[in-house]
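Notes follow the structure.
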Amino acid sequence: MPGNKLNQKSASKPARQLLFSEALQHKRLASTSTNPQTSSPPTESTTMAEKSHSTTMDRILQEITIVSRRIEGMNASITSLTLETKSMRAEIAGFQSRVTGLEQHMGLVEAQTTMSRDRDQDLIYLRSKLTDMEDRSRRDNIRLHGIPENEKGVDVQSFLRSILPKLTSLDFDPPIEFQRAHRVGPKCPGNSSRPRPIIACFLRHNQTRQILQAARKHRPFQLDQYDIRITADYSKETNDRRKAFLALRPRLRQLEIKYGIFDPARMWVTKNRVSKDFYNPEELQLFLDSFQPQSMDSTSTSDSHDNGGDNEGNLPPGQEKTDTAQLHYNKRALPTSYVEASIDSR
C-alpha cells in the first residue's frame, strides 16, 4: 500500500510540470497580443476592415441620433396632446354641467308651459261659464232702439207699459211688470239724432218671449213716425259673435243661400235642401268660400226652425237694411259646447 502511493506521486509530477509550462506559454502569448509595442504591424486588409467598421458605427450613431430626436419630438407632441386632452376634458365637463342645467331648465319650462296651457283652458272654460251666466241673467231683458228721449222726470216703466201693447198688438194678462227699466249710457249733450236705447227687465219671462216673437214678425215698429226696433239683450261676447255672423249676410244672399241666426249665436244655412249649423263665423266664412254663385241652386228650400231667439232670415228687399258691420270675430268667443248648451237651455 505505501508503495502504491509513492508510485502515484511520481507519475503525476511530470504531468503537473507539463500543465504549468503550457499555461505559462499561453500567458506569454496573451501578453504579446495585448502589448502594442510587441504586436505585429497591421496589414492592408486589417486597415480596410477597421475603416468599414468605423463607417458603420458612424452611420449607426447618426441613425441613433435621428431616432432620439424623433423620440424627443414625439415626446413634445405627446405632452402637448396631453395638455390639449386635459383642456378638452375640462371643457366637456363644463358643457356637461351646462347641458344638465339646460335640461333642468327645460323641464321647468315644460312644466310651466303645461301649467300655462291648463290655465288657458281653465280661463276659456271660466270665461264661457261667465258669459253663460251673464246671458242667463239677461234672458228677461229686451232692448228698445229708436225711442226718442223725452223730458226729465218721465217714468220709463210707465212709458213702456203704455206703448208696448200698442207696438206689439198684444194683450198682456196679467199686466206688464218690470224689475227695472232705464236708458243705457250717459246722455249726449244737446239734441242728439240718435237716442240712447232703453233696456227693460221684465218680471215674467213669458212676456219677454211674446214681445221678442212679435218683434220678429213686425220689423220695425212705428211710433210717431219713428222706427222702433226691439231686440234681445246679450253679453258683449255673444253680441260680437252675432255681429260677425250678420256681417256675412250679403255673401249669403249673393250665393242665394237661405240662412237664419238663432239664440244666442248660431247661424243656420240651407243649400239644396240640406241644412247645416255653424257656431263659429270663421267656419261659415270657409264654407262660403268653397262655393261660387253659379254653382248654387236658387230653388233650394228649407223647413222652418222654431227657436227662442231672433231669426234673422231672408227678408223682402224693402225690409232689409244693409249691414255695415265688419267681420270682427272675437278670438275669445265661447266654445261650441257652451253655445249648444245655451241654445238648449234658453
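For the pair I92/R89, no side-chain contact is recorded, criterion being any heavy-atom separation below 4.5 Å from C-beta on. Within the 4.5 Å cutoff, the side chain of I230 has heavy atoms near those of the L164 side chain. A heavy-atom distance below 4.5 Å is found between the side chains of T208 and I142. The side-chain heavy atoms of R138 and R143, taken from C-beta on, include a pair separated by under 4.5 Å. Using a 4.5 Å heavy-atom cutoff, the side chains of R242 and I261 are in contact. Using a 4.5 Å cut-off on side-chain heavy atoms (C-beta onward), M267 and L284 make contact. At least one side-chain heavy atom of H182 sits less than 4.5 Å from a side-chain heavy atom of I199. Between P165 and L170, every side-chain heavy-atom pair lies at or beyond the 4.5 Å cut-off.
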Counting only pairs under 3.5 Å, give me each side-chain donor-acceptor contact of residues 93-104, with atom names and distances, residues two or more places apart or in other chains.
{"residue": "S97", "atom": "OG", "partner": "A93", "partner atom": "O", "Å": "3.4"}
{"residue": "S97", "atom": "OG", "partner": "G94", "partner atom": "O", "Å": "2.5"}
{"residue": "T100", "atom": "OG1", "partner": "Q96", "partner atom": "O", "Å": "2.7"}

Expected list for residues 60-75: side-chain donor-acceptor pairs under 3.5 angstrom, two or more places apart:
{"residue": "T65", "atom": "OG1", "partner": "L61", "partner atom": "O", "Å": "2.8"}
{"residue": "S68", "atom": "OG", "partner": "I64", "partner atom": "O", "Å": "3.2"}
{"residue": "S68", "atom": "OG", "partner": "T65", "partner atom": "O", "Å": "2.5"}
{"residue": "N75", "atom": "ND2", "partner": "I71", "partner atom": "O", "Å": "3.1"}

Check step by step if side chain to side chain contact (heavy atoms under 4.5 Å, CB included) holds for H145 and T231. CA-CA 8 Å; H145 306 268; T231 60; 3.2 Å; yes

Does D135 form a side chain to side chain contact (heavy atoms under 4.5 Å, CB included) with D233? I'd like the steps, not just the answer. CA-CA 8 Å; D135 286 335; D233 188 32; over 6 Å; no

Apply side chain to side chain contact (heavy atoms under 4.5 Å, CB included) to residues Y259 and R253 and explain how you reach the verdict. CA-CA 9 Å; Y259 63 90; R253 289 193 292 266; 3.1 Å; yes

Intermediate values then yes/no, salt bridge (Lys or Arg N to Asp or Glu O under 4.0 Å), R127 and D122: CA-CA 8 Å; R127 188 180 295 114; D122 293 340; over 6 Å; no

Run the numbers on S116 and D120 for side chain to side chain contact (heavy atoms under 4.5 Å, CB included), then give the verdict. CA-CA 6 Å; S116 178; D120 291 341; 4.0 Å; yes

For side chain to side chain donor-acceptor pair (under 3.5 Å), just list the numbers for S235 and T131, CA-CA rounded to whole Å, side-chain angles, deciding distance to a tenth of an Å, and then say yes or no. CA-CA 7 Å; S235 62; T131 305; 4.9 Å; no

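Atom CZ of R117 and atom CD of E110 lie 9.5 Å apart (nearest 0.5 Å). Note that NZ of K276 and CZ of F287 are 6.0 Å apart. Values are rounded to the nearest 0.5 Å. The CG atom of L252 sits 5.5 Å away from the CD1 atom of I257 when rounded to the nearest 0.5 Å. In this structure, OG on S162 lies 12.0 Å from CD on Q157, to the nearest 0.5 angstrom. The distance from atom NZ of K217 to atom OG of S169, rounded to the nearest 0.5 Å, is 11.0 Å. To the nearest 0.5 Å, the span separating SG on C201 from CG on D140 amounts to 5.5 Å.
R161 approaches I176 most closely through the heavy-atom pair NE-O, 3.2 Å. Closest of all the heavy-atom pairs between A200 and L160 is CB-CD1, 3.7 Å. Of all heavy-atom pairs between A244 and P281, the closest is CB-CG, 3.6 Å. Across every non-hydrogen atom of F245 and Y279, the tightest pair is CZ-C, 3.7 Å.
Classified by interplanar angle (parallel below 30°, tilted 30° to 60°, perpendicular above 60°), the ring pair F178/F202 is tilted.
F159 and L144 fall within the same hydrophobic cluster, where Ile, Leu, Val, Met, Phe, Trp and Tyr residues are linked whenever their side-chain heavy atoms come under 4.5 Å apart, directly or through other members.
The backbone N or O of V109 sits less than 3.5 Å from a side-chain atom of T113, completing a donor-acceptor pair. Of the possible polar contacts, one joining the E149 side chain to the R196 backbone as a donor-acceptor pair under 3.5 Å is found.
A 6.0 Å sphere centred on CG of D171 holds no more than 12 heavy atoms belonging to other residues, nucleotides or ligands. Residue Y226 qualifies as open at atom OH: its count of foreign heavy atoms under 6.0 Å is 12 or below.
A salt bridge links R251 with D289: at least one charged nitrogen is closer than 4.0 Å to a carboxylate oxygen. A salt bridge is absent between E237 and R241: the closest approach of a Lys/Arg side-chain nitrogen to an acidic carboxylate oxygen does not fall below 4.0 angstrom.
Listed by first then second residue, pairs satisfying salt bridge (Lys or Arg N to Asp or Glu O under 4.0 Å) with a partner in residues 173-185 read E177-R204, not counting sequence neighbours.
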